[in-house]
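Notes follow once the structure below has been shown.
Each ligand, and each atom within it, is numbered from 1 in the order the structure gives. All values derive from a computational prediction rather than experimental measurement.
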Amino acid sequence: MKRAIYPGSFDPITNGHIDIVNRARHLFEEVCIAVTHNPAKNALFHLEERINLIREVFAHDKGVTVTSFTGLLVDFATTSNIRTIIRGLRAVSDFDYEFQMALTNRHLASEIDTVFFMTDAKYSYLSSSLVRQLTRLKGDISEFVPKTIEKALKEKVNERNIRTY
Ligand code: ADP
């Protein structure tokens, strides 16, 4: 069975991420979304919350599994017996970082390849941080995330505001 790992922070998952998963599903029978903690990013949702939200989004697709990992991605891939990593590309600005990561991962585990999918043009400027920021400012995010994520974002931002004041 052709399987691939799609790693990321997914804080939260957006329509851009979903677009990449759906494209990848044409090539892979299983796409394993692997949620991780990125120390460079200050997360809004806890890891378990992010996982549960993604599970809700893909509840209808048995070919999409969701898990978390810590440590090196290539180690996780090797123990999971998966040789392909999926990443999404939005604009040229993603390229430098993604190229560096892909070559580093290849250096660490030469048998593992990274496959890039171009996002739909309408999501090319979309990021989780943009969606988080828009929610805080009470902007309309309905075009950017599924309904369940929109609801969770609003609740989380409200909860944070209550705690702050
Ligand atoms: P990370 O912290 O690993 O960058 P992200 O959740 O921000 O985690 O992104 C995971 C992957 O999804 C990355 O390859 C990123 O480029 C891609 N991605 C993020 N947003 C979009 C989008 N709007 N369209 C396509 N790919 C995206």
Side-chain angles (χ1 to χ4, degrees), residues 3-28 30-58 61 63-77 80 82-109 112-136 139-150 152-153 156:
R3 301 163 71 215
I5 294 180
Y6 182 25
S9 312
F10 306 102
D11 184 35
I13 191 161
T14 68
N15 288 343
H17 294 122
I18 294 167
D19 181 62
I20 297 298
V21 174
N22 290 336
R23 284 172 199 284
R25 283 283 287 119
H26 295 302
L27 289 184
F28 299 96
E30 183 189 335
V31 171
C32 170
I33 301 180
V35 187
T36 189
H37 170 67
N38 183 341
K41 297 181 179 176
N42 192 5
L44 179 66
F45 289 97
H46 299 299
L47 202 64
E48 274 307 311
E49 291 175 319
R50 286 182 259 153
I51 290 172
N52 289 336
L53 288 172
I54 301 171
R55 287 204 174 120
E56 274 185 56
V57 170
F58 290 103
D61 188 347
V64 178
T65 55
V66 191
T67 187
S68 66
F69 74 99
T70 50
L72 282 178
L73 173 61
V74 288
D75 288 345
F76 173 69
S80 309
I82 298 180
R83 285 169 170 241
T84 309
I85 297 168
I86 290 167
R87 294 287 286 178
L89 283 179
R90 284 163 290 191
V92 187
S93 50
D94 277 340
F95 185 77
D96 266 353
Y97 174 74
E98 294 294 343
F99 188 63
Q100 189 182 14
M101 287 302 298
L103 289 188
T104 304
N105 284 332
R106 179 175 287 168
H107 174 78
L108 295 170
I112 296 177
D113 266 304
T114 306
V115 172
F116 294 97
F117 287 89
M118 298 274 196
T119 189
D120 191 298
K122 65 177 182 275
Y123 302 132
S124 59
Y125 57 92
L126 178 58
S127 66
S128 298
S129 64
L130 178 90
V131 167
R132 293 196 303 270
Q133 186 70 358
L134 269 175
T135 312
R136 287 190 189 105
D140 181 6
I141 53 165
S142 57
E143 299 277 302
F144 300 146
V145 291
K147 274 269 168 278
T148 45
I149 307 293
E150 184 178 351
L153 265 165
K156 179 62 91 177

Considering only heavy atoms of Gly16, which atoms of ligand 1 have at least one such atom less than 4.0 Å away? 22 (C), 23 (N), 24 (N), 25 (C)
Among all the protein's non-hydrogen atoms, which is closest to atom 18 (N) of ligand 1, and how far away is it? His17 CD2, 3.9 Å
List ligand 1 atoms under 4.0 Å from Asn38, heavy atoms only on the residue side. 2 (O)
Among all the protein's non-hydrogen atoms, which is closest to atom 7 (O) of ligand 1, and how far away is it? Lys41 NZ, 3.1 Å
Using a strict 4.0 Å cut-off to heavy atoms of Gly8, name the atoms of ligand 1 that fall inside it. 3 (O), 8 (O), 10 (C)
Using 30° and 60° as the class limits, which term best fits the ring planes of Phe117 and Phe28: parallel, tilted or perpendicular? perpendicular
Examine ligand 1 and decide if any of its atoms is less than 4.0 Å from a heavy atom belonging to Glu98. yes
Quick one: do Asp113 and Arg83 make a salt bridge, cutoff under 4.0 Å? no
Determine, stepwise, if the pair Lys156 / His46 fulfils side chain to side chain contact (heavy atoms under 4.5 Å, CB included). CA-CA 11 Å; Lys156 179 62 91 177; His46 299 299; 4.2 Å; yes
Decide whether Glu30 and Thr65 meet the rule of one side-chain donor and one side-chain acceptor closer than 3.5 Å. yes
Could you list which atoms of ligand 1 come closer than 4.0 Å to a heavy atom of Phe10? 6 (O)
Where on Leu126 is there a heavy atom closer than 4.0 Å to ligand 1, on the side chain, on the backbone, on both, or on neither? both
Taking atom 21 (C) of ligand 1 as the reference point, the nearest protein heavy atom with its distance: Arg90 CD, 3.5 Å
Over 60° means perpendicular and under 30° means parallel, so tell me whether Phe95 and Phe99 are parallel, tilted or perpendicular. parallel
May I ask whether Tyr97 has any heavy atom positioned less than 4.0 angstrom from an atom of ligand 1? no
What's the verdict on side chain to side chain contact (heavy atoms under 4.5 Å, CB included) for Ile51 and Glu48, showing C-alpha distance, side-chain angles and the deciding distance? CA-CA 5 Å; Ile51 290 172; Glu48 274 307 311; 4.2 Å; yes
Starting at CG of Leu126, measure out to OG1 of Thr119 and round the result to the nearest 0.5 Å. 7.5 Å
Hey, could you give me the CD1/CD1 distance between Ile33 and Ile5, rounded to the nearest 0.5 Å? 11.5 Å
Evaluate side chain to side chain contact (heavy atoms under 4.5 Å, CB included) for Phe45 paired with Val35, printing each intermediate quantity in order. CA-CA 12 Å; Phe45 289 97; Val35 187; over 6 Å; no
Please report which non-hydrogen protein atom sits nearest to atom 16 (O) of ligand 1, along with the residue it belongs to and the distance in Å to one decimal place. Gly88 O, 2.8 Å
Proximity to ligand 1 by part of Arg87, non-hydrogen separation under 4.0 Å: both
Carefully, step by step, assess Arg50 and Ser68 under the rule side chain to side chain contact (heavy atoms under 4.5 Å, CB included). CA-CA 10 Å; Arg50 286 182 259 153; Ser68 66; over 6 Å; no
At under 4.0 Å between heavy atoms, what of Tyr6 touches ligand 1? The answer is side chain
Residue and atom name of the nearest protein heavy atom (relative to atom 2 (O) of ligand 1), distance in Å to one decimal: Ser9 OG, 2.5 Å
Residue, atom name and distance, where the atom is the protein heavy atom closest to atom 24 (N) of ligand 1: Thr119 OG1, 3.0 Å
